[in-house]
Every structure is written in structure tokens, then in C-alpha cells.
A.B. asks: 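Pasting a structure here, questions to come.
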There are 2 protein chains.
Amino acid sequence: MQAQAGERVRGQRDAEATKEALLDAGSELFATHGFDGTTVDMIARRARANKAMISYYFGGKERLYEQILISTFSEVGSRIETLLEGSGSADEMLRAFAAMFGDLAARRPHFPAMMMREAISGGRHLSERVLPVFRDMFVKVRRIYEQGIEEGTFRPVDPVLTHLVVMGSLLFFFATEPMRARLIADGGLPVAQAPQPEAFIANLQEILVRGLAARPSPAAADGPAR
Amino acid sequence: MQAQAGERVRGQRDAEATKEALLDAGSELFATHGFDGTTVDMIARRARANKAMISYYFGGKERLYEQILISTFSEVGSRIETLLEGSGSADEMLRAFAAMFGDLAARRPHFPAMMMREAISGGRHLSERVLPVFRDMFVKVRRIYEQGIEEGTFRPVDPVLTHLVVMGSLLFFFATEPMRARLIADGGLPVAQAPQPEAFIANLQEILVRGLAARPSPAAADGPAR
DNA sequence: GTCTATAGGCTGATAGAC
DNA sequence: GTCTATCAGCCTATAGAC
């Protein structure tokens with residue numbers, strides 16, 4: 001009959017903190033080494049927890065991985081949902097989507113690599129709880145291109161093919177950032193410094209908006225005066 | 001029962017055929033399941049060879065993998081080299097590069113996934129024999145954008161950032177083809193049929209050439225035709 | 001060259017002490 | 001809730017038969 005206020009015992013790591021640490025450690029390791037390349041020992045060590053805790057809290061390595069996927073994809077899905085509620089021209093929404101993806105990758109640095117790995121592996125771990133989120137994301141972003149074509153902002157491109165260009169560019173850039181950082185540091189690539197995410201997003205936005213435009217470009221439009 | 005003339009007794013096909021079978025089986029399995037997700041048993045079974053042959057011919061699983069990487073990347077490198085020897089406007093070369101990549105992915109269906117996996121893993125298996133090929137590829141394709149900017153065909157975009165858009169789109173499309181095939185077959189994606197590679201390449205070419213163009217677009221150019 | 005048998009190490013999971 | 005100790009199973013590699 002104690003007070004229901006969530007007063008927490010401090011000075012010692014509680015269950016919630018251990019779960020969190022395992023989720024964080026797992027995210028990083030699964031993203032970098034893949035599911036099979038990551039051992040429960042690695043996860044436990046990085047989380048400074050005992051490996052028995054993985055079974056205790058999540059029911060095993062596989063279910064920890066699934067939990068991470070669900071949590072990550074759900075956040076991505078809700079962010080996109082929020083974004084697409086706002087209205088605007090297809091240009092603006094496409095730019096906003098790319099920018100949002102950049103923010104998301106900064107907040108969830110392991111999401112792009114995990115998604116890419118899942119995709120390459122045929123979506124083997126995309127269970128019935130993860131797949132709907134994934135599918136909704138696709139459907140909603142596709143609407144941007146469809147809307148752009150309907151309103152005459154975009155050429156009549158194939159929305160699916162275009163979506164693949166956008167997602168491929170974004171996921172690839174963020175999933176391969178660690179590799180570029182490593183190669184450039186080692187002098188393995190003839191580039192002064194690693195490309196910055198903001199610059200990449202800006203470049204992609206320009207290419208897409210100009211590349212999809214129904215009319216040449218805003219600056220040089222020769223269409224009829226309105 | 002008698003042995004048929006001209007047919008090899010099972011277990012006595014020649015060495016070259018066995019090596020080839022192991023390389024082929026390894027390519028497919030490593031691309032689909034990754035290095036850690038593939039066991040020598042899986043490779044031997046698919047190649048209809050004994051798993052001891054992997055050590056016998058290649059010196060172990062790791063060295064088989066490296067051999068596959070080197071062979072694949074070398075072909076890619078020489079194809080690009082040949083392509084870039086031909087001259088033409090940057091538009092034409094960029095289109096040709098995308099088309100060549102499509103051909104390459106058809107001939108070497110496991111190259112995109114393997115390259116993507118390597119990139120996500122930080123290039124951990126890119127040994128000193130593979131890395132130069134990889135770097136050369138980057139340097140040579142980058143020349144296309146630099147040339148386009150110099151000759152005034154392209155806007156003054158950042159060649160590195162642009163290269164990442166191109167490679168990301170191409171690798172992503174081909175590396176994730178199996179996943180789309182699976183999801184569409186299962187009704188997991190609201191798409192009638194899987195996008196065709198030729199259509200994807202064509203769509204990408206249009207987006208890139210228009211998106212990079214210094215002048216609005218060829219069709220609506222307000223300047224004199226070249 | 002191919003195959004069988006097995007060695008030796010690592011993996012994920014868990015019972016039981018605290 | 002956390003940790004140690006331990007187990008059964010699977011992994012790669014290889015010695016030796018044919």
C-alpha cells in the first residue's frame with residue numbers, strides 16, 4: 001500500500017538500466033557485425049552486464065535482436081507519419097523527408113546499417129510485428145512521389161523506382177560512414193576529409209528535386225506565365 | 001550395372017571443377033548470409049563437394065572468402081577501366097556507367113550484396129590486395145563528375161557526394177532484389193510485381209542527368225543545341 | 001582428389017549460489 | 001537481479017584411409 005509515485009532506488013543500477021544497456025550495446029554491435037557476427041558475450045561485455053541477463057530479460061539473443069528492430073523501426077515509422085501529416089508541395093515534402101532522415105540517423109546511428117543488413121538478408125528477421133511498420137513506411141513515402149506527379153510538380157516517374165533511389169542513397173550514406181571514416185583516416189581513400197551528413201543531404205535534395213521536376217528548374221522555367 | 005563411358009564417376013570430377021563449384025557456392029551464400037552466417041558445411045553441400053576441399057584448395061573459409069572478393073572486384077575494376085577509356089560527354093559516360101553496372105549485376109548477381117556487406121562492416125575483409133581495386137574504382141568514377149563540371153555539362157556539385165548517391169542507389173537496388181522478390185511474392189508489399197532492373201537503371205539515369213545538369217534539361221533547353 | 005572421423009575451440013543457454 | 005559454473009551443440013580445420 002505504498003505510494004504509487006515511482007520513487008527509484010539510486011546508487012545502484014536497477015533492472016531498467018541493465019535492459020537499456022543491453023539494448024544499446026546490442027544495437028551498436030548488431031549494426032556493425034551483423035546478427036551472426038555478434039556473440040552474447042560481446043554484448044554483455046560492452047553493456048557491462050552478465051550474459052545470463054540477456055536470456056533473463058529478453059529470452060535469448062534472437063529476441064533481443066527483434067526487440068531492437070521493433071523499437072528502432074517504430075520510431076522511424078512514427079517520425080515519418082508526423083512528417084507526412086503536414087502539407088506542402090511534393091518538393092517540400094521530399095526535401096523534408098531527406099532532412100528528417102538525416103536527423104534520424106544522427107539520433108539512431110545504427111538504424112541505417114541494421115535496416116540495410118535486414119534488406120540484404122532478405123528480411124529474414126522482419127517478423128510479423130516489424131513488417132507492418134516497414135510496409136507502412138514504404139507506402140507513406142511513396143505518396144510523396146504520387147502527389148508530386150498528380151499536382152504536376154514531378155515528371156510522371158515510377159514512384160517505386162524513385163523511392164528506391166532515395167532510400168538507397170540515404171541508407172547507403174549513413175550505413176557506410178564508419179567505413180569512410182576508417183579508410184580516410186588510414187589514407188586508403190584520396191579524400192581530404194569525410195563527407196559531412198548535412199552536405200550529403202543537401203546535395204541529394206538538389207539532385208532529386210531537379211531530377212524529378214516536371215519543369216526544367218525554378219530559375220529557368222520557360223513554362224507559361226501563371 | 002556398368003559405368004557409362006565418357007561420364008566421370010561421382011567423386012572424381014576434376015580439380016578445376018571442384019574449385020569452381022566452391023567459389024560459386026561461396027559467392028551465393030556469403031552474399032546472402034554474410035561471412036559469419038555461412039558455414040563451410042553449407043558451402044560444401046551446395047557445391048556438392050566435401051568440406052575438407054575448402055581447406056585443401058583455398059586454405060580455409062576466410063581465404064575462400066577473400067578469393068571471391070578479389071575475383072569479383074577485379075572484374076568490376078577492369079570493366080570500369082574499359083568503360084572510362086572511351087570518350088564522350090559526362091552525360092554519356094554517367095549513363096554508360098549506370099548501364100554497365102546493371103550488366104555487371106546481371107553477370108555477377110552476388111557482387112552488390114557482397115560489396116554492401118563489406119562496406120557496412122567497415123571494409124574489414126578488404127585486404128591489401130582488394131583495397132587498391134576498390135580505391136581505383138572510386139577515383140575513376142569520380143572523374144566523370146569532375147569532367148562534367150569542367151566541361152560545363154554538370155552543375156558544380158561535390159563529386160564525392162554525388163558519387164555516393166550513384167553508388168548507393170545502384171548497390172542498394174541490386175543488393176535488395178531478393179528481399180523485394182520475397183516480400184512481393186508473400187503479399188508483404190503493395191506492389192503488383194518486382195521492379196525490373198532495366199527500368200530502375202533508366203529511371204536513375206534520367207534523375208541523375210537532369211539533376212546534375214548545368215542547364216535545365218535537354219528537352220527544354222533554351223540555349224542552342226550542342 | 002576425395003572422403004570419413006575426430007579433435008579442439010567457441011557458442012548460446014541455464015541451473016543454482018548469493 | 002546478478003553472477004559463476006557448466007553443458008550440449010555446432011563450428012572450422014585436419015590427419016589419415018582409400
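Here is the naming used below: chain letters follow the sequence lines, and residue numbers restart at 1 for every chain. Note that the structure is a prediction, hence the values are computed from the model and not measured.
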A.B. asks: Over 60° means perpendicular and under 30° means parallel, so tell me whether B:Phe35 and B:His125 are parallel, tilted or perpendicular.
C.D. replies: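 Aromatic pair B:Phe35/B:His125 classed tilted.
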A.B. asks: Mark yes or no: A:Arg180 above the aromatic ring of A:Phe173, with NZ or CZ under 6.0 Å from the six-membered ring centre and no more than 45 degrees from the axis.
C.D. replies: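 Geometry flag: set, cation within 6.0 Å and 45°.
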A.B. asks: Whole angstroms only, please: what is the CZ-C1' distance between A:Arg45 and C:dC10?
C.D. replies: 13 Å
A.B. asks: Minimum heavy-atom separation for B:Pro159 to B:Tyr145, with atom names?
C.D. replies: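 Nearest heavy atoms, B:Pro159 then B:Tyr145: O-CD1, 3.7 Å.
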A.B. asks: Are any of B:Tyr57's side-chain N or O atoms less than 4.0 Å away from OP1 or OP2 of C:dT2?
C.D. replies: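 Yes.
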A.B. asks: Report the distance from atom CZ of A:Arg48 to atom P of D:dC3, rounded to the nearest whole Å.
C.D. replies: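 That distance rounds to 12 Å.
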A.B. asks: Could B:Arg143 and B:Glu146 be called an ion pair, given the rule that one side-chain N must be under 4.0 Å from one carboxylate O?
C.D. replies: yes
A.B. asks: One character per nucleotide, please: for nucleotides 11-18 of chain D, 5' to 3', B when the base has a protein heavy atom closer than 4.0 Å, S when only the sugar-phosphate does, - otherwise.
C.D. replies: SBBB----
A.B. asks: Reckon B:Thr18 has a side-chain N or O less than 4.0 Å from the OP1 or OP2 of C:dG1?
C.D. replies: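 It does not, given that no N or O in the side chain of B:Thr18 lies less than 4.0 Å from OP1 or OP2 of C:dG1.
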A.B. asks: Using the test salt bridge (charged side-chain N to carboxylate O under 4.0 Å, His left out), find all partners of A:Arg46 that sit at least two apart in sequence or belong to another chain.
C.D. replies: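 For A:Arg46 the salt bridge (charged side-chain N to carboxylate O under 4.0 Å, His left out) partners, ignoring immediate neighbours, are A:Glu28.
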A.B. asks: Is the backbone of B:Ala31 close enough, under 3.5 Å, to the side chain of B:Arg117 for a donor and an acceptor to pair up by distance?
C.D. replies: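 Pair found, side chain donor or acceptor close to backbone of B:Ala31.
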